[in-house]
Amino acid sequence: MPAPPLALTQGDPAGIGPELALLAWREREQRALPAFACITDIDHLAQTAQRLGLDVPLISCGWDAVNRSFAKALPVIAHGHAVTAMPGQPDPASAAGTIGSITSAVAAVRQGQASAVVTNPIAKSVLYAAGFAHPGHTEFLAHLAADGGAAPHPVMMLWCEDLAVVPVTIHIPLRSVPDALTQELIVETGRIVAGELSRRFGIASPRIAVSGLNPHAGEGGALGREDDEVVAPAIARLRALGIEARGPYPADTMFHARARAGYDVALAMYHDQALIPIKTIAFDEGVNVTLGLPFIRTSPDHGTAFDIAGQGIARPDSLCAALRLAARMAAQHAQAAA
């Protein structure tokens, strides 16, 4: 039996998500893409294809028909909301469809109809204007995973073939990082990362390199006490759990090729410390992976790109990488569970 297809969300329909879905399907063979269905308004997707001159046949179907339809047409699963947004013109009226697409994707995976969720980019400001109550995309996914109970702790990992990085603190001001950085947060993040790399990436004993917070990892306290008093004890606690974590290492020497060969994932202390190296190495092919959820979720490592939407210049590289990685993780997870 073939694996269940992937569930691709529409993202913000005024951004590049719709055209990326069309481009990905058109290049499905040369990019060796797994079967996927786009959860959106088929009329809006057809208008996008016509506007861009993309000869992509669409088929409205249910999940049971996606695999057998994928070779000849892009399967579309309806989310029940008409989409009227124009390229580059974000519209809160489209928020219901954006949210409905995400909700439907998660439901399909949890019901076994799809094997993983792949999310196109959203614009939080557009959703906020429509009354969206969650801080962001990932928090909403964690809410859906909770089923009314305690929400899981999601961890953001940026991945490419040459590097995987995890920021321990994410979207907070730099001046807030030292206060937010605790032993407990580092240990919980490392524990989730190690478990997910084993279960969904097939790495039996993941090697985790942990960066310092300060320049030169604090230089023995001369450049800050956090590395000695927070980061190092957290690494010791991870090692006591049987996790191969090492550091803290100076971040400026962690990401060259020889250093990368010594670990499977790097834990960085804040957003830019993690994202600058991977976006330098793989700006177009990076994938955003959410760890710690009860389902697999990947996403392109870029935003809605309203400024180029509808111009026919968007590149589907990151989305294609996200689709391939989601299928790879789902296959590994199924093998581990067998």
Side-chain angles (χ1 to χ4, degrees), residues 1-11 17-42 45-46 49 54-80 100-120 141 144-145 157 159-161 196-203 285 287-291 293-300 316-338:
M1 291 291 291
L6 304 176
L8 175 64
T9 68
Q10 74 171 25
E19 59 195 274
L20 293 183
L22 295 165
L23 290 168
W25 183 87
R26 192 178 66 168
E27 300 176 17
R28 66 198 181 283
E29 293 182 354
Q30 57 266 45
R31 293 182 181 266
L33 297 184
F36 64 89
C38 189
I39 305 173
T40 190
D41 174 10
I42 194 170
L45 199 58
L54 296 174
D55 184 17
V56 176
L58 307 175
I59 180 171
S60 179
C61 64
W63 285 106
D64 59 341
V66 172
N67 277 333
R68 66 174 179 267
S69 303
F70 186 74
K72 296 183 178 180
L74 171 56
V76 179
I77 306 290
H79 56 41
S101 180
I102 299 168
T103 303
S104 296
V106 171
V109 173
R110 305 205 78 178
Q111 293 165 12
Q113 298 169 311
S115 58
V117 176
V118 181
T119 59
N120 264 312
L141 289 164
L144 294 175
M157 181 173 78
W159 178 94
C160 70
E161 290 290 351
E196 294 280 69
L197 288 185
S198 176
R199 182 167 58 253
R200 292 177 172 169
F201 284 79
I203 303 173
E285 298 84 20
V287 178
N288 186 337
V289 185
T290 304
L291 307 178
L293 298 176
F295 49 84
I296 294 165
R297 182 263 183 137
T298 68
S299 178
D317 306 57
S318 187
L319 175 59
C320 292
L323 290 163
R324 286 194 300 269
L325 181 61
R328 171 178 154 185
M329 292 174 65
Q332 176 60 44
H333 183 74
Q335 180 180 335

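The chain is numbered in sequence order, starting from 1.
We find the CG-CG distance between Leu197 and Leu291 to be 6.5 Å, quoted to the nearest 0.5 Å. Atom NZ of Lys72 and atom CZ of Phe70 lie 14.5 Å apart (nearest 0.5 Å). The line from CH2 of Trp25 to CG of Leu54 is 11.0 Å long, rounded to the nearest 0.5 Å. Between atom CG of residue Asn120 and atom SG of residue Cys38 there is a gap of 6.5 Å, rounded to the nearest 0.5 Å. Here CG of Asp41 is found 6.0 Å from NE2 of His79. Values are rounded to the nearest 0.5 Å. Rounding to the nearest 0.5 Å places CG of Asn288 at 7.0 Å from OG1 of Thr119.
Here Arg199 pairs with Glu196 under the side chain to side chain donor-acceptor pair (under 3.5 Å) rule; sequence neighbours left out. The side chain to side chain donor-acceptor pair (under 3.5 Å) check on Ser101 picks up nothing, with sequence neighbours excluded. Applying the side chain to side chain donor-acceptor pair (under 3.5 Å) test to Thr290 and every residue at least two apart in sequence or in another chain returns Arg297.
Ile39 places none of its side-chain heavy atoms less than 4.5 Å from the side chain of Gln10. When side chains are defined from C-beta on, Leu22 counts as touching Leu58, because their heavy atoms get closer than 4.5 Å.
For the pair Arg26 (side chain) and Asp55 (backbone), a donor-acceptor distance under 3.5 Å is absent.
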Let me check something: any side-chain donor-acceptor pairs from residues 103-118 under 3.5 Å, sequence neighbours excluded? List them with distances.
from: Thr103; atom 1: OG1; to: Ile99; atom 2: O; distance (Å): 3.0
from: Ser104; atom 1: OG; to: Gly100; atom 2: O; distance (Å): 2.9
from: Arg110; atom 1: NH1; to: Ala145; atom 2: O; distance (Å): 3.1
from: Arg110; atom 1: NH1; to: Asp147; atom 2: OD2; distance (Å): 3.0
from: Ser115; atom 1: OG; to: Pro4; atom 2: O; distance (Å): 3.0
from: Ser115; atom 1: OG; to: Pro5; atom 2: O; distance (Å): 3.4

Could you pull out every donor-acceptor pair under 3.5 Å between side chains of residues 318-338 and any protein atom, sequence neighbours left out?
from: Ser318; atom 1: OG; to: Gly286; atom 2: O; distance (Å): 2.5
from: Ser318; atom 1: OG; to: Asp301; atom 2: N; distance (Å): 2.9
from: Arg324; atom 1: NH1; to: Arg31; atom 2: O; distance (Å): 3.2

Quick one: side chains of residues 59-68, donor-acceptor pairs under 3.5 Å with protein atoms, not counting sequence neighbours, listed by atom name and distance.
from: Asn67; atom 1: ND2; to: Ala3; atom 2: O; distance (Å): 3.0
from: Arg68; atom 1: NH1; to: Asp64; atom 2: O; distance (Å): 3.1

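Minimum interatomic distance between Asp317 and Glu285 (heavy atoms only, all atoms of both residues): OD2-OE2, 4.1 Å.
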